[in-house]
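Everything on this sheet refers to the single structure shown next.
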Amino acid sequence: MPEYTVPQRDIRFVMNELLDSEGLYQTLPGCEEATEEMLNTIVSEASKFCEEILSPLNRSGDEEGCHWTPEGVTTPAGFKEAYHQYVENGWPALSVAIESGGQGMPNLLGVILNELTGTANWSWGMYPGLSLGAIKTIETHGTPEQRERYLGKLVKGEWTGTMCLTESQCGTDLSLLRTKAEPHSDGSYRITGTKIFISAGEHDMADNIVHIVLARLPDAPEGTQGISLFIVPKFLVNDDGSMGERNNVHCGSIEKKMGIKASATCVLNFEEATGYLIGAENKGLACMFTFMNTARLGTATQGLAHGELSYQGALKYARERLAMRSVTGPKNPDGPADPIIVHPDVRRMLLTQKAFAEGSRAFLYYLGQCSDIAAFGEGEEAQAADDLMALLTPIAKAFITETGFESANLGMQVYGGHGFIREWGMEQIVRDARIAMLYEGTTGIQAMDLIGRKVLGSGGKLLMGFTKIIHQFCKQHAGGSISEFIEPLAHYNKEWGELTMKIGEAAMANPDEAGAAAVDYIMYSGYVTLAYFWARMAVVAQEQLEQGSGDREFYEAKLLTARFYFQRLLPRTLAHKEAMLSGAANLMEMDEALFDF
Ligand SMILES: Cc1cc2nc3c(=O)[nH]c(=O)nc-3n(C[C@H](O)[C@H](O)[C@H](O)COP(=O)(O)OP(=O)(O)OC[C@H]3O[C@@H](n4cnc5c(N)ncnc54)[C@H](O)[C@@H]3O)c2cc1C
C-alpha cells in the first residue's frame, strides 16, 4: 500500500491562491475565524493524524476486515483506538454549527477533512463520514427536543449515525420500500422491516448508533409520497440524555464484498424498534435528501481520494522501476535500464491521474465554498450558491468517481503485473474505488438527476447560472497569454448549452431520449467543468510565473498539467457528444428477446 503524504502544497494552492478562502470567509458572517493561517494550521494538524494514524491501518484493515457475532460487529485492529483519538482531538465537530455544539468552521474544511481521512483510509472514514449526514438531517428537520437529545453526542463523536434507505427489493427505486412504522400511544413509532447494505450499521467504535430510517406509516399513499423518516437509536436515550434500554434493532450479518472491507456493510433487522418521526408524515424522502446530498458530495470525494493515493503510489514506482531504454537515448546510463517514467505511455497514465486528482480537488473545494455561501450568505448570493450546488453535485458525484476509478486502474497499470499482486496495495485501491460509482445513486441515476431534474426540470436555469460564470471568466481572460485554455473553454461552454437544447427538444418528442443521452451528457458536463477549473488554475500559475514569485516548479507543473488536460483529456467530449446525439433508437430498437442472440 503506498504511503500517503498529504499534498499540502496543492491543498494550500486551491484553498488560498485559487479560491481565496480567507477573502470569502471574511465576508461571510460567522466564518471570520477562517483566516488563511487558521485554515493552513488545521490542514497541517489533520495531515499528521491521517498520515501517522489512519494510513498505516489501511492495508491491515483490508486484510482483516470486520467481524460479526450475534452480539455485534468488531472493526479491525486499531480502528477503534484511532477513532477515539479522532474524537479526543475534536475532529467530528470541526465544520458543525456552533449552535449544534460544533466548532463552526466552514464546510470547506469538512470537505478537506473528508478527503484527508478518506485518502488515508476510506473504510475508516466512512464511520465518522455517515455521522455528518445524520447531524445535518437532525439539525435541519429535527424538533428542538430531538436536536437537544441527539446532536450533542453525535457532534462530539461519542455516537455515530447511519443512513437506512436500502431494502433487498429496492435501492434506486425507494417507492418500493416496505419497512413499516406503527404509531404508538406515547407518540413514538414501532419500526419493523429489514434494511440491507447499511454502512456503519453496527460497530464497536462508539457507544451508541443513531439510525436515520425511511419507513411507511399504515395507510400511507403508495410510492414515494408515502414515505416518512425516523430516528431509531441503537440504545434509547433517557430524558436526562443518558443511555437507556437496548432498542430492538440488530445486525443480522455483514456483507462479504469486493472492497472497503473494513467498513461494516450491515443487514439491520428492525423488530418493533422504537422510532421517532423527523419532519412531517409522508414527507420523509424530501428530508432524507439533506442526508443524501451530504453523502453524495462525500462520495464524490472518494473518487479524488483513490485517484490521489493511486497516483502517489504509481509516481514513486515509475521513478524506481527500470525497464527498457528511452527511445531518445538512455536517461540512466549507469543503470541496466531506464526508469519507466521516461516512456511516453507511462507519462500518459501518470499525467491523467495527476490532472484528474488536482482538477477534482479544485472542483470539490469550490463546492465546499458554495455550500458555505448557501449556508452563511444572504439573499440572491446564497440562492445562487444553492443553485450551483444543485447542478454541480450530481456532476461531481458521477464524474469524479468515474475518473477516480479510471485513475485507480491506471495506477495499477503503471505497476505492470505487480499491480495485480496484493502486497503492493494497488489492487486494494481499485477494489475500494469501485463502490463509489454505485452507492449514493449510481452514475446512471446521477446522470438522470442532472439532465432530468436539474437541467431540463429548471428550464435550463440552473445550467445557465454556471455557464454564465464560465462565460464571464472567459471574457475576462480573452486574448491573454493563456488563450490556449480560454478559447477551447469558451467553445465547449457554448456547445454545452447547445447540446442541452438539442437533447431537450429530442426528449419532448420521445422521453427515452433524455435517458439515452444521460451518462454521456454528465461525462461531457464533467469534462467541461474540470476544464473551467484547470483554466482558472492556469491563470493563477501564469500570473505567479510572470511575477517571478518563488515555487517556480510548482507553477510550471500546474501549467503543463493544464495543457495535458486540455490537449489529451478534454477531447473525450467529442466522443460523448457524438454518442449523446446518436439518439435513443440505437438503444431501444432491439427487441428484448434479441438480446439472447
Ligand atoms: C458497500 C455498500 C454500502 C452501501 N451503503 C448504504 C447505506 O449506508 N445506506 C443505504 O441505504 N444504502 C447503502 N447502499 C446501497 C446503495 O446505495 C444501493 O446499492 C444503490 O443505490 C443501488 O441500488 P440497488 O443496488 O438496489 O440497484 P438497483 O436500483 O436495482 O439498480 C440496478 C441497476 O439499474 C439501474 N437503474 C435502476 N433504475 C434505473 C432507471 N430508472 N434508469 C436507468 N437506470 C436505472 C441502476 O443505475 C443500476 O445500474 C450501499 C451499498 C453497498 C454495496
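Computation of the quantities below employed the complete heavy-atom set of this structure, encompassing side-chain atoms and omitting hydrogens, waters and symmetry-equivalent molecules. Counting from 1, the numbers follow the sequence of the chain as shown. All ligand and atom numbering here is 1-based and tracks the order in the structure.
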- Message: How far is atom 44 (N) of ligand 1 from the closest protein heavy atom, and which atom is that?
- Response: Ile445 CD1, 4.3 Å

- Item | Sub-4.0 Å atoms of ligand 1 with respect to non-hydrogen atoms of Glu440 | 17 (O)

- Task: Classify the side-chain pair Glu281/Ser228 by whether it contains a donor and acceptor separated by less than 3.5 Å.
- Result: no

- Query: Going by an N to O cut-off under 4.0 Å, is there a salt bridge joining Arg361 and Glu308?
  - Reply: yes

- Message: Protein non-hydrogen atoms only, distance under 4.0 Å: does atom 7 (C) of ligand 1 have such a neighbour?
- Response: yes

- Would you please say whether a donor-acceptor pair under 3.5 Å links the side chains of Thr117 and Trp124? no

- Query: Is Arg453 close enough and on-axis enough to Phe289, meaning under 6.0 Å and within 45°, for cation-pi?
  - Reply: yes

- Message: I want to know if ligand 1 touches Leu165 in the polar sense, i.e. an N/O pair below 3.5 angstrom.
- Response: yes

- Item | Carboxylate-amine/guanidinium contact Glu182 Arg190, below 4.0 Å | no

- Message: So, regarding Ser199 and ligand 1 (criterion: nitrogen or oxygen to nitrogen or oxygen, under 3.5 Å), is there a contact or not?
- Response: yes

- Relative to ligand 1, is Lys195 under 4.0 angstrom through side chain, backbone, both or neither, heavy atoms considered? neither

- Does the side chain of His141 pick up a donor-acceptor pair with the side chain of Thr290 at under 3.5 Å? yes

- Item | Closest approach of any protein heavy atom to atom 13 (C) of ligand 1, naming residue and atom | Phe197 O, 3.0 Å

- Please check atom 41 (N) of ligand 1 for a protein heavy-atom neighbour under 4.0 Å. no

- Query: What protein heavy atom sits nearest atom 18 (C) of ligand 1, and how far away is it?
  - Reply: Thr166 OG1, 4.3 Å

- Query: Under 4.0 Å from any heavy atom of Met163, which atoms of ligand 1 are there?
  - Reply: 7 (C), 8 (O), 9 (N), 10 (C), 11 (O)

- Item | Polar proximity ligand 1 side, Lys257 side, N/O cut 3.5 Å exclusive | no

- Can you list the steps and then say if Phe270 with Val232 is a side-chain contact (heavy atoms from CB on, under 4.5 Å)? CA-CA 9 Å; Phe270 297 81; Val232 185; 3.9 Å; yes

- Message: I need the nearest protein heavy-atom contact for atom 27 (O) of ligand 1: residue, atom name and distance, please.
- Response: Thr172 OG1, 4.0 Å

- Message: Using a 3.5 Å cut-off on N or O atoms only, is Ile196 in polar contact with ligand 1?
- Response: no

- Message: Residue-level breakdown please: for Thr265 versus ligand 1, do any non-hydrogen atoms fall below 4.0 Å on the side chain, on the backbone, on both, or on neither?
- Response: side chain

- Message: Restricting to non-hydrogen atoms, name the atom on Thr162 and the atom on Ser199 that form the minimum distance, rounded to 0.1 Å.
- Response: CG2-O, 3.9 Å

- Message: Under 4.0 Å from atom 50 (C) of ligand 1, can you find at least one protein heavy atom?
- Response: yes

- Item | Distance-only donor-acceptor check, side chains Gln302 and Thr401, under 3.5 Å | no

- Task: To the nearest 0.5 angstrom, please state how far the CE atom of Met205 sits from the OH atom of Tyr86.
- Result: 9.5 Å

- At what distance is the nearest protein heavy atom to atom 20 (C) of ligand 1, and which residue and atom is it? Leu438 O, 3.7 Å

- Item | Cys266 to Glu202 - nearest heavy-atom pair and separation | SG-N, 3.4 Å

- salt_bridge(Asp520, Lys577) N-O dist < 4.0 Å: no

- Which of these, Ile198, Ile435, Thr442, has its nearest heavy atom closest to atom 53 (C) of ligand 1? Ile435

- Are there protein heavy-atom neighbours of atom 11 (O) of ligand 1 below 4.0 Å? yes

- Task: Give a yes or no on whether atom 23 (O) of ligand 1 lies under 4.0 Å from any heavy atom of the protein.
- Result: yes

- Query: Gly171: heavy atom below 4.0 Å from ligand 1, yes or no?
  - Reply: yes

